[in-house]
Chemist: 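Dumping the structure here so I can ask a few things about it.
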Amino acid sequence: MPTAPNRRAVAVVLLVPLMVTLALWAFAWPAARIAPRDLPVGVAGAGPAADQLQKRFEERGGAFEVHRYEDAAAARTAIQERAVYGAVVVTGGGPELLTASAASPVVSQLLTAAVGETAPAGTQVPVTDVVATPAGDPRGSVLGASVLPLALAGVAAGAVVTLLGLRGVRAALTLVGASALVGIVATAIAHSWLGALAGGWWTEAGAVGLTVLAIGSAVAGFAALLGTRGIGLGAVLIVLLGNSFSGVTSAPELLPAPVGTIGQWLPPGAGGSLLRSVSFFDGNAAGGPALTLGVWVVLGLTAVVLAGRKRPGGDTGATSPDAVASAPVDTDAGATAPVG
């Protein structure tokens, strides 16, 4: 019969390839299957030319979700409100493309290529970037690269609070304070130093802080319910799935179904969408992501506070292990009376 060390060795041999396989699936599979899936685009204008253009979009097997607008002004408004990623305006001189690289540089390039294929040979479709990425980050790479560090910060906050034995309200306040500081520091780097964000400074700091708080609350909440095993569950959910399914580097509508939708239900994806909205689109379409993050915060902190009330050392006046250990012991209580 195998000994305990041998069983542990076999477990490691089997577990490492399993984790690698899961990581490759989570990161490589969505990246290898990037393509438009019900991607919201607009067609502005009237008449046969606009109808024909809409038909061409619809013939691409569910790749695009077409919205019709009366004119270029309505299409611009829809882009600024994040209702569509871009729009083709039909004019007397031919089609013109409106994009928003701040919404997704990848989608902007994809639409430019797609509309260019429909143009007559030898002609070039004019492209106007309605909401452009800032000069400090023209490719939009800083926002995409920020998701993983924020996820790690949130996981670390939840894990440290748990491992330090903080419970109840004290744990919740610690998570809030740490998340707020991360929001301030991260915004100072991304906005003030790198120039990669262009919205209100404190609004961006709040969005980052809320994202980290949602992640930290989730990890600490899992740990409150499951013990230290909950830290591992939270890390897998947030870092492995939440980060790879977030769609921040491309767009949720470019990921395979239902990966894009799942990613927006998890804090990294919701946080990325919220930060993009408050940084470049005056807060338009920020309600959904903010609500998602708020739900994670409420559920996580509720689990942390309730678990703290049930455990020694919580904020309810229960006797802590340290108090029990330091209590004086009556050595005469169990002594045997002398005989005689």
Side-chain angles (χ1 to χ4, degrees), residues 79-83 85 100-108 130-155 157 175-176 178-218 238-239 241-255 260-297:
I79 292 172
Q80 293 166 348
E81 293 178 349
R82 301 203 69 186
Y85 282 91
S101 59
S104 171
V106 176
V107 171
S108 181
V130 176
V131 185
T133 53
D137 185 29
R139 296 179 180 85
S141 56
V142 172
L143 181 59
S146 300
V147 174
L148 181 57
L150 295 181
L152 294 176
V155 171
L175 288 170
V176 172
S179 301
L181 286 178
V182 171
I184 292 172
V185 172
T187 305
I189 294 173
H191 183 118
S192 303
W193 179 35
L194 298 177
L197 303 178
W201 201 96
W202 286 107
T203 305
E204 294 167 351
V208 174
L210 181 61
T211 302
V212 176
L213 179 59
I215 296 170
S217 300
I238 297 298
V239 177
L241 299 183
N243 182 55
S244 58
F245 291 3
S246 67
V248 176
T249 57
S250 55
E253 293 85 358
L254 297 184
L255 300 179
T261 301
I262 294 174
Q264 295 305 297
W265 293 342
L266 297 174
S273 295
L274 176 61
L275 185 57
R276 196 184 295 277
S277 289
V278 301
S279 297
F280 308 123
F281 295 90
D282 296 325
N284 290 317
L291 177 61
T292 299
L293 294 174
V295 169
W296 280 100
V297 169

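Position 1 is the first residue of the sequence, and the numbers go up from there. These values consider heavy atoms only, across backbone and side chains, with no hydrogens, waters or symmetry-generated copies.
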Chemist: Would you say the side chains of Q264 and T292 form a donor-acceptor pair under 3.5 Å?
Modeler: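 No.
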Chemist: I want to check something: taking the side chain as every heavy atom from C-beta on, are L275 and T211 in contact at a cut-off of under 4.5 Å?
Modeler: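 No, every pair of side-chain atoms sits at 4.5 Å or beyond.
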Chemist: Under the side-chain contact (heavy atoms from CB on, under 4.5 Å) test, which residues partner P105, sequence neighbours left out?
Modeler: T133
Chemist: Which pair of heavy atoms, one from L197 and one from S279, lies closest together, and at what distance?
Modeler: CD2-OG, 3.6 Å
Chemist: Once side-chain contact (heavy atoms from CB on, under 4.5 Å) is applied, do any residues pair with L291, and if so which ones, sequence neighbours excluded?
Modeler: V295
Chemist: Show the nearest heavy-atom pair for residues A290 and L274, with the distance to one decimal.
Modeler: CB-CD1, 4.2 Å
Chemist: Rounded to the nearest 0.5 Å, what separation is found between the OG atom of S277 and the CD atom of E81?
Modeler: 12.0 Å
Chemist: Just jot down the side-chain hydrogen bond (donor to acceptor under 3.5 Å, both in side chains) partners of S104, sequence neighbours excluded, or say none.
Modeler: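 Testing S104 for side-chain hydrogen bond (donor to acceptor under 3.5 Å, both in side chains), a comparison that skips the adjacent residues, returns none.
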Chemist: Not counting sequence neighbours, list each pair that qualifies as a side-chain hydrogen bond (donor to acceptor under 3.5 Å, both in side chains) and has a residue in residues 241-251.
Modeler: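 The answer is none; no pair qualifies.
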Chemist: With sequence neighbours left out, what residues match S146 under side-chain hydrogen bond (donor to acceptor under 3.5 Å, both in side chains)?
Modeler: none
Chemist: Testing the basics here: between V147 and P268, what is the closest heavy-atom pair and its distance to 0.1 Å?
Modeler: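 Smallest interatomic distance, heavy atoms only, reads CG1-CB, 3.8 Å.
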Chemist: Residues two or more places apart in sequence or in another chain: which of them pass side-chain hydrogen bond (donor to acceptor under 3.5 Å, both in side chains) with S101?
Modeler: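 S101 satisfies side-chain hydrogen bond (donor to acceptor under 3.5 Å, both in side chains) with D129 once adjacent residues are dropped.
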Chemist: Would you check if the side chain of R276 reaches a backbone N or O of V248 as a donor-acceptor pair within less than 3.5 Å?
Modeler: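 Answer holds: yes.
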Chemist: Mind checking what makes side-chain contact (heavy atoms from CB on, under 4.5 Å) contact with A100, not counting sequence neighbours?
Modeler: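 With sequence neighbours excluded, A100 shows a side-chain contact (heavy atoms from CB on, under 4.5 Å) to I79, A103, V131, F281, given in chain and number order.
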Chemist: Return yes when atom CG of N284 has more than 12 non-hydrogen atoms of other residues, nucleotides or ligands closer than 6.0 Å, and no otherwise.
Modeler: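 More than 12 within 6.0 Å, yes.
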Chemist: Show the nearest heavy-atom pair for residues H191 and G199, with the distance to one decimal.
Modeler: CE1-O, 3.2 Å
Chemist: Mind listing the closest non-hydrogen atom pair of A151 and I238 along with its distance?
Modeler: CB-CG2, 3.9 Å
Chemist: How many angstroms lie between CG in L241 and CD1 in I262, if you round to the nearest 0.5 Å?
Modeler: 8.5 Å
Chemist: Can you list everything that forms a side-chain hydrogen bond (donor to acceptor under 3.5 Å, both in side chains) with S141? Sequence neighbours excluded, please.
Modeler: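 Residues passing side-chain hydrogen bond (donor to acceptor under 3.5 Å, both in side chains) with S141: D137.
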Chemist: Starting at OG of S192, measure out to CD1 of I184 and round the result to the nearest 0.5 Å.
Modeler: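 Going from the OG atom of S192 to the CD1 atom of I184 covers 11.5 Å.
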Chemist: Grab the two heavy atoms, one from A198 and one from F280, that are nearest each other, plus how far apart they are.
Modeler: N-CE2, 4.0 Å
Chemist: Let me see the working for W296 and L266 under side-chain contact (heavy atoms from CB on, under 4.5 Å), right down to the final yes or no.
Modeler: CA-CA 8 Å; W296 280 100; L266 297 174; 3.8 Å; yes
Chemist: Test of understanding: with ring pair (Phe, Tyr, Trp, His ring centres under 6.0 Å), list the residues that count as partners of F245, not counting sequence neighbours.
Modeler: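 Per chain and number, F245 pairs via ring pair (Phe, Tyr, Trp, His ring centres under 6.0 Å) with W25.
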Chemist: Nearest 0.5 angstrom please: L210 CG to L293 CG, how far?
Modeler: 4.5 Å
Chemist: Under the side-chain contact (heavy atoms from CB on, under 4.5 Å) test, which residues partner A188, sequence neighbours left out?
Modeler: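 Result, side-chain contact (heavy atoms from CB on, under 4.5 Å) vs A188: W201.
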